[in-house]
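Here is the structure we will look at.
Computed from heavy atoms alone, side chains included, the values below leave out hydrogens, waters and symmetry copies. These numbers were taken from a predicted model, which means no experiment stands behind them.
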Amino acid sequence: MKKIKTIYRETNWERIGIAAFYGYFAINILMKAFAYDHGDDIYRYFFIFGMVFLGIKLVTTKYTLREIGWAAILIGLGLTLSIITKQNTWLLLFLTIIAMKNCSFQLMIKIALYIRVFCALVLVLGSTFGVYDIGSKTTPDTSYVEIPVYSFALNEPNYAYLTIFLMIMLLLYYNYEKLNWKWFLGTSALAFLFYELTFCRTGIAVFFFCWALIIFEKLVKSHRWKFIFVLSVPVGTLFSFCTMVLYNGGNKIMALLNHYVSGRIYIMNSYYRLQGLALYPRTQEYFYANYFGLIDNTYMFVLLYCGWVVALFFFALVCRTLYVLYKKKCYKELVMISTLALYAVLEQFVMNGFMNPFILLTGVLLYPDILEEGKQTI
């Protein structure tokens with residue numbers, strides 16, 4: 001018994017907890033990279049393992065009173081939203097941020113990059129050589145001519161492109177200091193190749209937007225000018241809100257804009273006109289009673305589903321994060337967040353911390369040292 005107590009005292013439980021967190025993060029990245037969700041048996045098994053690792057991290061970490069207070073607020077909010085909206089995205093996001101204490105964001109990105117590269121190779125090569133269904137079908141191009149597209153064992157061609165896009169984003173971030181014209185040509189060739197195979201116009205447009213931001217950040221030396229990155233989320237939110245509220249199908253400009261975003265504005269406007277905006281979260285059944293389609297806009301998805309109180313609270317946290325990163329001169333992080341702020345106008349996945357690990361940077365509000373690469377090692 002004495003020996004057991006000695007082992008317990010001498011064991012570095014905090015170090016074990018950090019390793020467990022990286023395991024939890026890796027498992028969830030792996031599941032998302034292979035497009036598994038809660039409806040798949042394999043996801044349920046891995047999810048249980050992941051939550052065990054998360055639990056180990058939480059119970060082996062020493063939190064300050066301030067951190068415990070914020071953890072209680074975030075967990076309470078996450079549980080409330082999970083019960084009302086029947087979606088666990090918020091709860092998992094908040095739990096992941098809480099558990100990030102003493103962990104390195106740079107190492108998390110490295111883990112995510114290696115896993116996504118591995119999964120992309122498995123899916124693409126496996127589909128090409130007949131191990132998986134390549135998902136061949138046709139879709140109309142801009143001239144309404146049917147062209148072949150492929151999903152590479154994933155649900156949709158757009159998701160296949162998103163997989164490649166996220167991999168490229170992680171690659172650009174991880175090698176940000178080395179980026180030059182060779183990186184631009186190489187990643188552009190890869191992006192164009194999968195654009196030809198999937199015809200994902202959203203993805204290719206956001207890819208070049210990302211490079212435009214990278215070039216701007218590297219050429220412009222003035223810290224003051226780089227404040228423009230802080231405006232990315234507010235501008236995306238305001239643009240989304242205005243188009244939703246003011247949409248008029250009879251207006252040629254609005255109709256053309258709605259056409260280019262595949263009817264997303266019409267769908268948001270339909271929910272807004274019929275169901276309005278609420279102060280607090282609403283159940284999914286409320287929206288399914290008059291279903292117009294998926295709300296493929298992160299900003300308005302949060303506002304419509306979660307109400308003004310939650311939306312303003314969450315956007316305030318994100319905007320505060322952008323300002324803190326700006327003050328710290330974390331420009332490469334701001335570039336990635338600003339890129340995904342544009343994708344958020346067109347998709348929902350941006351809220352998921354395992355699809356978009358850069359949203360986890362809100363953790364700097366609780367733990368300022370998570371960006372100090374190499375401080376914590378396994």
Side-chain angles (χ1 to χ4, degrees), residues 28-37 108-128 134-135 139 149-176 179 183-215 217 232-233 236 260-262 264 294 296-299 301 332-361:
N28 281 281
I29 291 289
L30 182 68
M31 291 296 98
K32 286 302 177 182
F34 278 126
Y36 291 120
D37 59 26
M108 291 167 61
I109 291 296
K110 187 176 182 179
I111 291 170
L113 174 60
Y114 286 175
I115 291 175
R116 283 203 169 272
V117 169
F118 168 76
C119 293
L121 287 173
V122 169
L123 291 170
V124 173
L125 293 178
S127 299
T128 302
I134 199 169
T139 190
V149 291
Y150 308 94
S151 59
F152 297 101
L154 298 171
N155 297 328
E156 291 290 337
N158 282 356
Y159 197 95
Y161 191 91
L162 179 60
T163 296
I164 301 301
F165 173 84
L166 293 175
M167 182 189 74
I168 294 175
M169 285 280 291
L170 293 169
L171 192 65
L172 293 176
Y173 176 81
Y174 190 68
N175 297 279
Y176 193 84
L179 298 183
W183 277 93
F184 173 73
L185 292 179
T187 54
S188 296
L190 183 62
F192 262 121
L193 172 62
F194 279 90
Y195 169 71
E196 290 294 323
L197 295 171
T198 62
F199 193 60
C200 179
R201 291 172 292 178
T202 299
I204 194 70
V206 179
F207 167 79
F208 283 109
F209 177 72
C210 178
W211 263 108
L213 293 181
I214 291 171
I215 294 170
E217 191 280 319
S232 58
V233 170
Y260 279 128
V261 297
S262 304
R264 287 173 171 85
L294 292 175
D296 276 332
N297 180 299
T298 300
Y299 307 109
F301 173 79
K332 66 178 183 178
E333 286 79 14
L334 288 170
V335 166
M336 297 302 151
I337 294 174
S338 298
T339 298
L340 289 158
L342 175 60
Y343 227 134
V345 175
L346 304 163
E347 297 289 348
Q348 283 186 19
F349 79 89
V350 180
M351 281 293 300
N352 191 304
F354 309 114
M355 295 285 286
N356 168 28
F358 298 102
I359 198 172
L360 299 176
L361 283 169

side-chain hydrogen bond (donor to acceptor under 3.5 Å, both in side chains) assessment of W211 paired with T187
CA-CA 10 Å; W211 263 108; T187 54; 3.1 Å; yes
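- Between the side chain of R264 and the backbone N or O of N297, no donor-acceptor pair lies under 3.5 Å.
- Within 6.0 Å of CZ on F118 lie no more than 12 heavy atoms contributed by other residues, nucleotides or ligands.
- The distance from atom CG of L123 to atom CD1 of I164, rounded to the nearest 0.5 Å, is 8.5 Å.
- Ring centers of F208 and F192: under 6.0 Å apart, within the cut-off.
- Smallest separation of non-hydrogen atoms from P357 and I109: CG-CD1, 4.0 Å.
- Once rounded to the nearest 0.5 Å, the distance linking CG of L170 with CD1 of I115 reads 10.5 Å.
- Taking the six-membered ring for Trp and the full ring otherwise, Y343 and F349 have centroids separated by under 6.0 Å.
- The only option from Y150, F165, F152, Y161 that meets the ring pair (Phe, Tyr, Trp, His ring centres under 6.0 Å) definition with F194 turns out to be F152.
- Of the possible donor and acceptor atoms, none in the side chain of Y36 sits under 3.5 Å from a partner among the backbone N and O of L30.
- In terms of modelled atom types and a separation under 3.5 Å, the side chain of T298 and the main chain of E347 share a donor-acceptor contact.
- Between C210 and V335, the shortest heavy-atom distance links the atoms O-CG1, 4.3 Å.
- For Y173 and F358, the ring centers sit closer than 6.0 Å to each other.
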